[in-house]
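In what follows, a single structure is set out as structure tokens and then discussed.
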Amino acid sequence: MKTIPIFGKQKMTPTKPAMSNEVYYSSQWRLMYLRLKKHKLARISLFVLSMLYIAAIFAQFIAPYGLQSYDSKYVNAPPVKVSFVDADGQFSLRPFVSELKSARDPITLRKVFVQDDKVRHAVRFFTQGETYSFLGLFSTNIHLFGVDEPGRLFLFGTDGMGRDLLSRIFLGSQISLSIPLIGVAISFVLGLLIGGVSGYFGGWIDSVIQRIIEIIRSFPTLPLWMALSAAIPPRIPVVTMYIYIVIIFAFIGWTELARVARGKFISLKNEEYVLAAKIAGVSDAKIILKHLLPGFISYLVVATTLAIPSMILGETAMSFLGLGIRSPATSWGVLLQEAQQIENIALYPWKLIPLVFVILTVLTFNFLGDGLRDAADPYKR
């Protein structure tokens, strides 16, 4: 408050708070970070995505069973309930699950599972199970949680071969969450390189590149996926299939970013500071890297973030249709293949649980992209 004397009296007038030096002198990236911190939905999405990717990295440790582990006695078993109170009302500090036993429905004669409350299996942490390679560093058989043999822990139920759905969701996330990131990274480099050359040099180079982009974008997505997938040799190793799928997504996804980069280069290459750099004898490569790219790199980061959900849906759709990852590997799309039949959905609705993870991941990436877009807006206070 500022005091102004008026005819012997003092009048209090409010003064404008000084702008924080941190905001006033911050770089573009620092301003983006400060704005993103204020976007609550984006912060929540970033936390959820961090948890999903941490779970994917340590999937073999978190999953109670391995990828190939199955039990024919528990085919299409429903999710078990974790309890702290037994049938007699006795409270237990250690959580437990009841034994699953198969029976016949007296009306439909269909095989069903019932819980035997008399037989309990305690849920233990850091238990021993199947041996696996921890992050490729060493072999171990320690899992985050599980139950002692002969008990079974199916928190999300099992599939048509008696495999634990929870374990397969965690293990499948390694492919479903990594393919989009690698594919987008390759598309980012290709789109920025090709689009930058097209927009900066123009002329016949720009015409040829734009015609190629138009040809690629004119193909319907699904037939293009099918054509590219048909070119993959059958019975190839899982790692090779993984590489091929990444290449397919990178081949399709770079065109949109190239169009964006081209437009930005065209709008900026005639600015005064760019012309001054040309007169000073600065090379074209240095002008592009040091003068043009920093002007819209934040927008490209936002566009890349928003492109990841479409690649996640693309990988899921390809695997769902049998055009992508195939057994013995797994992904969320592979897990949803059993949900193609209405009978499976009606009798075993827990097979749609992988769909929840797909929706959650796509939504969080979209919310994070919206937050980054608002943070990168230079006119937003």
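Predicted, not measured: the structure shown is a model, and the values here were computed from it.
Checking side-chain atoms of Ser218 against main-chain N and O of Ile215 turns up a donor-acceptor pair under 3.5 Å. Within the 3.5 Å criterion, the main-chain N or O of Ile194 finds no donor-acceptor partner in the side chain of Ser198.
Classified by interplanar angle (parallel below 30°, tilted 30° to 60°, perpendicular above 60°), the ring pair Tyr74/Phe113 is parallel. Taking the six-membered ring for Trp and thresholds of 30 and 60 degrees, Phe154 and Tyr65 have ring planes inclined between 30 and 60 degrees apart.
Side-chain polar atoms of Gln210 and Arg259 form a donor-acceptor pair below 3.5 angstrom.
What you find for Ala42 and Gly371 is that their closest heavy atoms are CB-CA, 3.9 Å. Trp332 approaches Ser176 most closely through the heavy-atom pair N-OG, 2.9 Å. Scanning both residues, Leu257 and Ser187, for their nearest heavy atoms gives CD2-O, 3.9 Å. Nearest heavy atoms, Gly66 versus Leu171: C-CD1, 4.0 Å. Taking all atoms of both residues into account, the shortest heavy-atom contact from Val147 to Ala122 is CG1-O, 3.4 Å. Shortest non-hydrogen contact noted between Asp159 and Arg168 is OD2-NE, 3.7 Å.
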Below 3.5 Å, can you tabulate the donor-acceptor pairs from side chains in residues 95-103 to any protein atom, sequence neighbours excluded?
{"residue": "Ser98", "atom": "OG", "partner": "Asp117", "partner atom": "OD1", "Å": "3.3"}
{"residue": "Glu99", "atom": "OE1", "partner": "His121", "partner atom": "NE2", "Å": "2.4"}
{"residue": "Lys101", "atom": "NZ", "partner": "Asp116", "partner atom": "OD2", "Å": "3.0"}

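Note that OG1 of Thr127 and CG of Asn141 are 9.0 Å apart. Values are rounded to the nearest 0.5 Å. Taken to the nearest 0.5 Å, the CD atom of Glu256 stands 11.0 Å off from the CD1 atom of Ile213.
Applying the 6.0 Å contact sphere to CZ of Phe201 captures more than 12 heavy atoms from other residues, nucleotides or ligands. Counting heavy-atom neighbours within 6.0 Å of Lys278 NZ, excluding the residue itself, gives a total above 12. Counting non-hydrogen atoms of other residues, nucleotides and ligands closer than 6.0 Å to CD of Glu149 gives a total above 12. Counting non-hydrogen atoms of other residues, nucleotides and ligands closer than 6.0 Å to OH of Tyr70 gives a total of 12 or fewer.
Proximity of Arg43 to Phe47: side-chain heavy atoms (C-beta onward) are nowhere separated by under 4.5 Å.
Linking Ile, Leu, Val, Met, Phe, Trp and Tyr residues whenever their side-chain heavy atoms come within less than 4.5 Å leaves Val356 and Leu336 in two separate clusters. Val208 and Ile216 fall within a single hydrophobic cluster, where Ile, Leu, Val, Met, Phe, Trp and Tyr are joined by side-chain heavy atoms under 4.5 Å apart, directly or via other members. Under a hydrophobic clustering in which Ile, Leu, Val, Met, Phe, Trp and Tyr are joined whenever their side-chain heavy atoms come within less than 4.5 Å, directly or via other members, Val362 and Ile44 fall into the same cluster.
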Next item on the list: Dump the intermediate steps for side chain to side chain contact (heavy atoms under 4.5 Å, CB included) on Leu165 and Tyr348, then the final yes or no.
Entry: CA-CA 12 Å; Leu165 194 56; Tyr348 318 115; over 6 Å; no

